[in-house]
There are 2 protein chains.
Amino acid sequence: MEESSTETLDRIDVRILRALQAEGRLTNADLAARVNVSAATCHRRTQRLFEEGYITGVRAEIAPAAVGLGALVMVGVVLDRSTPESFAAFEEAVHKLKEVLDCNLVAGDFDYLLKIRVRDMADFNKLHGQKLIALPGVRQTRTFFVMKEVKENARLPF
Amino acid sequence: MEESSTETLDRIDVRILRALQAEGRLTNADLAARVNVSAATCHRRTQRLFEEGYITGVRAEIAPAAVGLGALVMVGVVLDRSTPESFAAFEEAVHKLKEVLDCNLVAGDFDYLLKIRVRDMADFNKLHGQKLIALPGVRQTRTFFVMKEVKENARLPF
DNA sequence: CAAGAAATGGAAGAATCTTCCACTGAAACT
DNA sequence: AGTTTCAGTGGAAGATTCTTCCATTTCTTG
């Protein structure tokens with residue numbers, strides 16, 4: 001009574017997930033060898049993991065600085081009112097802001113916590129002044145400039 | 001005087017990066033077609049992007065809930081002292097905590113902001129009581145439970 | 001304008017994918 | 001127990017893709 005939602009994943013599925021989380025471009029043949037299954041079985045298993053949504057996608061990670069996105073900023077946001085409509089409007093607007101990489105509704109001193117990538121501080125100031133504080137229902141924001149990325153997007157611990 | 005660090009990436013490189021960021025398992029043949037280049041050229045370009053560090057890796061994204069990690073928590077941390085040694089010790093310890101997915105040194109009310117994934121609140125309480133407040137130099141923590149993931153790990157806007 | 005350097009696309013053998021099929025082993029039922 | 005069903009497995013093989021070589025084109029530089 002503790003495997004909660006891992007029930008339909010056996011040992012082999014978990015190995016496949018771990019391997020692909022670390023190396024998404026692994027060849028099916030290589031993956032099969034690591035997981036100790038025939039290529040055919042591995043192919044079927046992997047396909048199922050994709051189709052049933054255990055793997056939501058495979059993405060290349062781009063070095064942010066290489067594409068002119070050297071600055072990372074976290075922003076706490078407090079809304080004016082706490083009505084369902086306020087939240088919905090805010091979230092919809094946030095979805096359209098491509099600089100916002102993460103957005104989470106939280107319990108605590110803020111309503112939302114945002115993770116934002118821009119070129120530099122000047123760029124952030126512009127974004128803040130022209131877009132962030134203009135988002136629907138925003139009462140107040142608190143900015144946390146990231147001075148050092150200690151750990152970034154680590155692998156899931158399963 | 002504004003392309004900063006994108007100088008060595010031409011239009012084609014950028015298209016490759018965009019395509020692979022969205023679909024990391026794209027076949028070289030498909031990628032070549034999308035980018036409008038021969039397979040050979042596409043292969044060479046892509047290889048260079050990996051070798052020179054523009055692409056830092058390709059990873060499958062696993063649905064957290066599917067592997068028993070349904071709870072997301074953000075934690076602000078304040079350290080006792082602000083000496084280089086304190087920071088180094090804290091960062092080293094954080095690297096060993098697999099539940100910590102992100103860790104950033106920030107300017108503002110906190111010293112660090114952590115992003116943590118666990119099974120549920122009970123699990124977090126255990127982690128908090130046994131590991132987080134025991135990290136070297138921690139004076140205070142502030143917890144933000146995530147009630148809704150509005151946007152998660154969006155693609156880089158370049 | 002010529003010479004060298006850098007990048008390109010075609011071609012082809014090697015490797016991989018993807019599907020089909022016969023087989024195994026574990027339920028489920030009589 | 002006997003046997004029927006069925007989900008899951010690995011081998012095999014045609015289709016596809018990778019990866020490298022090389023001749024050609026394009027861009028630089030003097």
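Chain letters run A, B, ... following the sequence lines, proteins first, then strands; residues in each count from 1.
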task = Treat primed atoms plus P, OP1 and OP2 as sugar-phosphate and everything else as base, then score nucleotides 13-20 of chain C 5' to 3': B for base contact with protein heavy atoms under 4.0 Å, S for sugar-phosphate contact only, - for none.
result = ---SSBB-
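Note on ring orientation: taking the six-membered ring where Trp is involved, the planes of B:Phe144 and A:Phe110 are parallel (angle under 30°, cut-offs 30° and 60°).
Contact between the side-chain N/O atoms of B:Thr41 and the OP1/OP2 oxygens of C:dG9 is found at a separation under 4.0 Å.
A:Pro136 and A:Leu79 make their closest contact through O-CD2, 4.3 Å (heavy atoms, listed as atom of the first residue, atom of the second, distance).
In this structure, B:Arg45 places its CZ atom 18 Å from C1' of D:dT19, rounding to the nearest Å. Rounded to whole angstrom, the span from the CG atom of B:Asn36 across to the C1' atom of C:dA7 amounts to 17 Å. Taking atom CG on B:Asp10 and atom P on D:dC27, their separation rounds to 12 Å, with Å as the unit.
Residue B:Arg48 is classed as having no contact, given no heavy-atom separation below 4.0 Å to the nucleic acid.
A:Glu152 and A:Arg117 are joined by a salt bridge, as a carboxylate oxygen and a charged side-chain nitrogen come within less than 4.0 angstrom of each other. Ion pair B:Arg34/B:Glu23 flagged as a salt bridge, since at least one NZ, NE, NH1 or NH2 atom sits closer than 4.0 Å to an Asp/Glu carboxylate oxygen.
The side-chain contact (heavy atoms from CB on, under 4.5 Å) test with B:Leu135 is passed by exactly one of B:Leu97, B:Val77, B:Thr141: B:Leu97.
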query = Should A:His128 and A:Asp123 be marked as a side-chain contact (heavy atoms from CB on, under 4.5 Å) after you check the CA-CA gap, both sets of side-chain angles, and the distance that decides it?
reply = CA-CA 9 Å; A:His128 183 264; A:Asp123 231 37; over 6 Å; no
